[in-house]
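For reference, the structure discussed in these notes is given below.
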Amino acid sequence: MSKHLYGDYSTPEKFLQCFMAGLIKRNPGEVEFHQAVKEVAESVVPFMFEHKEYFSNLILERMTEPDRSVTFRVCWEDDQGNVHVNRGYRVQFNNAIGPYKGGLRFHPSVNLSILKFLGFEQQFKNSLTTLPMGAGKGGSDFNPKGKSNREIMRFCQAYMTELSKHIGENMDVPAGDIGVGAREISYMFGQYKRINDNFVGVLTGKGISFGGSLIRTEATGFGTVYFTQHMLNHIGDSIKGKRCVISGSGNVAQYAAKKIIELGGKVVALSDSGGYILDEDGIDSEKLEYVIDLKTNKRGRIEEYAQKYGVPFIANKRPWEVKCDLAFPCATQNELELEDAQILVKNGVMLVAEGANMPSTIDAIHYFKEHKVLFAPAKAANAGGVAISGLEMTQNSMRISWTSEEVDQRLQDIMKSIHDQCLKYGKNGEVVDYLKGANIAGFVKVADAMLAYGVV
Ligand code: NDP
Ligand code: 2IT
């Protein structure tokens, strides 16, 4: 083995320490990025000690350095004619196994650290889907809350005017994430088409009449629940009758709730950044339709559910204090910390499935493992969204559209395959370490492609 960049690599623990010190030094202050890398490195480094070719070719160092990060000024006018400036980003992380692929996030908290953590994670997730997709992430610190449709349109057009120089249907294909849904993708697709006069699948999550895939809207939430179903089936159990708590009430939370209800589970809580609602009778399909309309069309607050249905709204709190069998963090990063994990465990939680990206802190994940809580990491559990984005790209290339049934069947097959990959690398006797399984399975495919390319 050739000499390594980061000093002492005599044991996995020592190497991990040196590697993380180097990463932190090269990426100062990017705490979310450090966290995402550490979570993966804890599983992958011991595996690399058994497969030294990854070491000598510095594969982990290469996978933690994006191919490029583009930042740019986005200048737009509000309805009163005031001028605003935001920062736009696209981090193109890795295209070893396909075009850069990953969402765009519009949220005031967006910065390079958050986009690098998301782009880094996306490499493993996209690899797990079995589809040929590399990894990227982008967005802006623009805050869509309280903006009119025209303001959103002007912002999206301004953002795409610059982004369009950096993307392409075989090069980089963005999609939605927090604050970016069908409305924003449509405005951006319209602007891309206007600039390039080229009708191609350069974004996914498009409207159905202009190249979007059926089931893309539902895919992340549905996929998370399909994955959960496989985990429960593996231990001879099912979702039926389980009491479920979901955080968030956006795209992922809504369709996770829908699938849980369909499969006979009981959803008792949903949240947003203002707090959570607790509905002891369970959120049924009709109430969920109200939530979907409230959040997607009216852009209201979850507190309004409490007023409409006469249930408690607990302001400024996360829903993890509610007793449940299954917990689905579906809002944002680091929304489930050690204290939340402790209370969930105390209340008897049996499984946590991450619909959001990196919602659990590393301490919380370790606590779940120590207490034998089944844990579905984001890169496996929420891969259904990008998987159907991949199928949208396929349909666009073939210039055909598949039926809902066909796409849903493919989604189910992909989630099963991801579960199988987790078992392959994470099963140890009766116990399955899904985090380890997902990290290693995701890593191997990308790493082997990078090895095949030589030193590039
Ligand atoms: P949406 O914008 O549709 O919804 C986001 C939800 O999370 C809202 O309820 C929002 O509340 C809440 N939220 C956002 N930021 C915070 C915060 N800082 N604190 C508390 N609550 C917050 O986004 P999505 O549902 O699409 O995304 C949710 C998560 O799922 C993200 O982690 C995303 O990366 C991940 N994901 C999304 C995929 C997709 O296809 N959309 C695919 C895979 C993962 P409020 O309205 O009050 O801001
Ligand atoms: O985090 C994610 O996987 C997404 N936001 C979806 C990305 C995509 O390209 O569909």
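Just follow the structure's listing: the first ligand is 1, and inside any ligand the first atom is 1.
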Problem - Candidate with minimal heavy-atom separation from atom 47 (O) of ligand 1, of Gly221, Ser273, Ala381, Cys330 - result: Ser273
Exercise for the section: Run the ring-centre check on Tyr367 versus His371 and record whether the distance is less than 6.0 Å. Expected result: yes
Problem - atom 16 (C) of ligand 1: the protein heavy-atom neighbour that sits closest, reported with distance to 0.1 Å - result: Thr332 CG2, 3.6 Å
Exercise for the section: Starting from atom 24 (P) of ligand 1, find the nearest protein heavy-atom neighbour and note its residue, name and distance. Expected result: Val252 CG2, 3.9 Å
Problem - Among Ile388, Asn357, Asn143, closest by any non-hydrogen atom to atom 35 (C) of ligand 1 - result: Asn357
Fill in the blank from the handout: Short version for Glu335: what comes under 4.0 Å of ligand 1, heavy atoms counted, is neither
Handout entry: Modelled atom types, side-chain donor and acceptor of Ser249 and Gln254, under 3.5 Å
Key = no
Completion exercise
Of Asp272, Asn251, Leu270, the residue with the heavy atom nearest atom 3 (O) of ligand 1 is Asn251
Practice task
Mark yes or no for whether Asp433, through its side chain, and Lys436, through its backbone, hold a donor-acceptor pair below 3.5 Å.
Solution key: yes
Exercise for the section: Pick one of side chain, backbone, both or neither for how Arg299 approaches ligand 1, counting any non-hydrogen atom pair under 4.0 Å. Expected result: neither
Fill in the blank from the handout: shortest atom 46 (O) of ligand 1-to-protein heavy-atom contact is with Arg301 NH1, 3.5 Å
Exercise for the section: If you have a sec, work out which protein heavy atom is nearest atom 9 (O) of ligand 1 and how many Å separate them, to one decimal? Expected result: Ser249 N, 3.0 Å
Problem - Identity and distance of the protein heavy atom lying nearest atom 4 (O) of ligand 1 - result: Gly250 CA, 3.3 Å
Practice task
Tell me which protein heavy atom sits closest to atom 33 (C) of ligand 1, plus the residue, atom name and distance to 0.1 Å.
Solution key: Asp177 OD1, 3.2 Å
Handout entry: Region of Thr220 engaging ligand 1 - heavy atom pairs below 4.0 Å
Key = side chain
Exercise for the section: For atom 4 (C) of ligand 2, state which one of Lys101, Lys137, Arg105 supplies the nearest heavy atom. Expected result: Lys137
Handout entry: Minimum-distance protein heavy atom relative to atom 29 (C) of ligand 1
Key = Ala331 O, 3.2 Å
Exercise for the section: Record the part of Gln333 in heavy-atom contact with ligand 1 below 4.0 Å; permitted values are side chain, backbone, both and neither. Expected result: neither
Practice task
Name the option, out of Asn334, Ile114, Ile178, that contains the heavy atom nearest to atom 27 (O) of ligand 1.
Solution key: Ile178
Handout entry: Aromatic contact, Tyr159 with Phe72 (centres under 6.0 Å)
Key = yes
Fill in the blank from the handout: The atoms of ligand 2 lying under 4.0 Å from a heavy atom of Ala175, numbered in the order shown, are 8 (C), 9 (O), 10 (O)
Practice task
Compute the centroid of each ring, for Phe155 and then for Phe106, and state whether the two points are separated by less than 6.0 Å.
Solution key: yes
Completion exercise
atom 3 (O) of ligand 2 has as its nearest protein heavy atom Lys125 NZ, 2.8 Å
